[in-house]
Number of protein chains: 2
Amino acid sequence: MTKGRITVIDIAKAAGVSKSTVSLVLQGSSLVNEGTRSKVNAVMRDLGYVYNRGAANLRKSGANSRIIGVVVNDLTNGFFAELAVGVDMVVQSAGFVQFLSNTSESIDRQREVIASMREHGISGLLVSPARATEATDFKPLIAAGIPVVVVVRSLPGAKVSSVVSDNRAGIAAAVAHLASLGHKRITFLGGFPDTAVFDERLDGYRAGMKAAGLEFNEALVVSSAPSRAGGAEAIAKAMLLAARPTAAVCFNDAVAFGVCDGLRARRMEPGTDFAVVGFDDVIEAQTAVPALTTIAVDPQGMGRRAAQLLLQQINAGKAEAEAVTTGVRLVVRESCGASQASGRKTA
Amino acid sequence: MTKGRITVIDIAKAAGVSKSTVSLVLQGSSLVNEGTRSKVNAVMRDLGYVYNRGAANLRKSGANSRIIGVVVNDLTNGFFAELAVGVDMVVQSAGFVQFLSNTSESIDRQREVIASMREHGISGLLVSPARATEATDFKPLIAAGIPVVVVVRSLPGAKVSSVVSDNRAGIAAAVAHLASLGHKRITFLGGFPDTAVFDERLDGYRAGMKAAGLEFNEALVVSSAPSRAGGAEAIAKAMLLAARPTAAVCFNDAVAFGVCDGLRARRMEPGTDFAVVGFDDVIEAQTAVPALTTIAVDPQGMGRRAAQLLLQQINAGKAEAEAVTTGVRLVVRESCGASQASGRKTA
DNA sequence: TGACAAATTTGGATCGTTCCAATTAACCTG
DNA sequence: CAGGTTAATTGGAACGATCCAAATTTGTCA
């Protein structure tokens, strides 16, 4: 039954032209006569021809497969799903397809999937690196002339482009907001200290405190796993301080939720007895009780931006590494205590 | 600088063997001498050789590209993101890579991405179809011998395999639960009537009512968009009935949330004055107030199952269409009114 | 040691496309 | 109508792997 794939030669034969002509039609060359073009197109439609991009790439020696690789560290996280959607949008409308793989923070899986993608001939790689990713991990890629863009987590030392949110400005804005509400003892809670993101956010905290005329105190910084459980631990530790804090900016929303848990565990109500600000604006932030004041980043926008950058570098053939930071904004809800007698009050 | 890609010939030359031998090493053939094998491997490592799967597939005439295509209708939806992660897991550990594209329910985009994936030579397709997908849309694929598995939404009439959750049993269980709580006038709210999923769930509703000894009444079924807004509309309509319902099973969680909104709008508290059950168990279901009683499906599990089925069909060369339904379970929380004086009470 | 089998290795030919140089057809123009 | 452009078309020869049949080396045994 399966008489094998239909090739340009079949088309050529059926249309009474040579394979070269069919090839020209395929690439929309202006050299071919309008009449022949339409006849060839008709035959292709009739026979259900499908272009074999693999064969074409082989001849064209690799570079332009019109495939890009996308690697994310945690697709179950809504943030990264949104990011992927943003990437998908621009990739799709540029006529590319994407490999997409999830690493679950496993650096081994990451290495594997990237290797696999290379074998399939990607013309660019967009990656949100797994935790302990080394800058050198991308060396072979860039040596082979494959543009790489890292997103969300920057990779200090790597000569690759990056698109990250403005962590510094975001946390600084959060601190400023809390300060404007009268808070003086503001802690910075959560996050692993060995990551670039942590450093940037901590830096924002430091800057925010300084700008508000508050003293930066090492003791007010409590790191922890960037998770709900980590947040609970962190607030517990922070409450042991002699000079008890009255507000916290958290590494991310998950930590912030954990902080709320921890506060309740000691009979304090977040938003009323203690101010909490998160980072990310995950979907639950608006429906939680109290609704979480947080720094919103636009993951889909980041995805789009990163994909654009990557495509641009692919088209340019060879481009310099470029660092883009995308804007963030403070979303004031209830957990910071700023909203006065909020309308919706659950009985 | 870029002296072009390194090929088997370069390896052969450097290792002092023929390209054929290198090829045999590549495929792990037992024909080659252990000594030569390790020498070749060493050279490959030294020169940083990367296998060109495209070239290989060309010779092997397409079939086994070790790429599968994954198409989902809405990746921003956490449900589908989880599904994709499940797929990714088994695809990855089978040594395949996946194209992943989002259609945003656009049937045109869907057609485009599938066409694009075909050009790149996928050896199987896993798709959660966009709304108005026709059974015939996959004809060319299966004609070309490319296995197709649809997931989440079945496609009546299409000769493709499917993996869907047990919609019927799920809704029936929800009805049974409500009936056991003493409810007699139970409505079925939300969803578009022209979809297979709707039919299955409605069927489950009918079966559940009958099993509980309650009468099925057409008027108690109110369809609407499967969204939060749709849910609000639906409950509004349902409340106009002479015999007012006291409980609702909803098409999905989004509808259920909308129903809660609608109830509050008329000063009724879900879980207290009216029982609500959803379907899907989205992430917000547990943090919402009141926490939503719902039918949990395991999207990641579905993804894994679907991917397994697809891979199996790919390996089998040609397999019969198979229909798999995956189990669901009722998760009792607060919105059905079953939980007595739940522990956590927000002040 | 010669003959034969087993173990290894190896040149093409080939997959479906693109690209180049060369050919053919069509059209001017003096 | 010869000579010169321009417009269309067309055979190979690649691209980087696989696979087959054939060649080579090695091992075994009478």
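A note on names: the letters A, B, ... follow the listed sequences, proteins ahead of strands, and every chain is numbered from 1.
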* Asked: Among D:dG16, C:dT17, D:dT10, which nucleotide sits nearest the side chain of A:L24?
  -> D:dT10

* Within the structure, does a side-chain N or O atom of A:T36 lie under 4.0 Å from either OP1 or OP2 of D:dA8? -> no

* Does the side chain of B:V297 come within less than 4.5 Å of B:T326's, by heavy atoms? -> no

* To do: Could you check if a side-chain atom of B:F96 sits within less than 4.5 angstrom of a side-chain atom of B:S123, using non-hydrogen atoms only?
  => yes

* Roughly how many Å is it from CG in B:N64 to P in C:dC15, rounded to a whole number? -> 16 Å

* Does B:R37 pair with B:E34 as a salt bridge, N-O distance under 4.0 Å? -> yes

* OP1 or OP2 of C:dG16 less than 4.0 angstrom from a side-chain nitrogen or oxygen of A:T7, does that happen here? -> no

* Asked: Under the 3.5 Å rule, do the base of C:dT17 and the side chain of A:R59 count as making a donor-acceptor pair?
  -> no

* For A:E119 and D:dG16, give me the distance from atom CD to atom C1', rounded to whole Å. => 13 Å

* **Value in whole Å for how far the P atom of C:dG16 lies from NZ of B:K60** => 15 Å

* **Closest to the B:N52 side chain, choosing from C:dT17, D:dG16, D:dT10** => D:dG16

* Asked: Which nucleotide, D:dA8, C:dT10, C:dT17, lies nearest any side-chain atom of A:A56?
  -> C:dT17

* Asked: Rounded to the nearest Å, what distance is computed from the CZ atom of residue B:R53 to the C1' atom of nucleotide D:dC15?
  -> 18 Å

* **Of the listed nucleotides C:dT8, C:dT18, D:dT9, the one nearest the side chain of B:N33** => C:dT8

* Whole-Å gap separating C1' (C:dT17) and NE2 (B:H120) -> 14 Å

* Asked: Starting at the 5' end of DNA chain C and moving along, which residue's nearest nucleotide shows up first, B:G16 or A:V22?
  -> B:G16

* With the side chain counted from C-beta on, respond yes when B:L126 and B:Q98 share a heavy-atom pair under 4.5 Å apart, and no when they do not. => no

* Is the distance from OP1 or OP2 of D:dT10 to the nearest side-chain N or O of A:T21 less than 4.0 Å? -> yes

* Among C:dC19, D:dA17, C:dT17, the one nearest A:Q27 by side-chain distance -> C:dC19

* Asked: CD1 of A:I6 versus P of C:dT17: gap in Å, rounded?
  -> 11 Å

* B:L58 CG to C:dT18 P, straight-line distance once rounded to whole Å -> 12 Å

* **Atom-to-atom span, CG of B:N57 to C1' of C:dT14 - whole angstrom** => 15 Å

* Charged N to carboxylate O below 4.0 Å: is that the case for A:R111 and A:D108? -> yes

* Indicate, with a heavy-atom threshold strictly under 4.0 Å, whether B:V17 touches base, sugar-phosphate, or nothing. => sugar-phosphate

* Taking for each residue the nucleotide of DNA chain D with the nearest heavy atom, is it B:S20 or B:A55 whose nucleotide lies nearer the 5' end? -> B:A55

* For A:N73 and A:S128, test the side chains for any donor-to-acceptor distance below 3.5 angstrom and give the result as yes or no. => yes

* Looking at A:S18, does any N or O in its side chain come under 4.0 Å of the phosphate oxygens OP1/OP2 on D:dT9? -> no

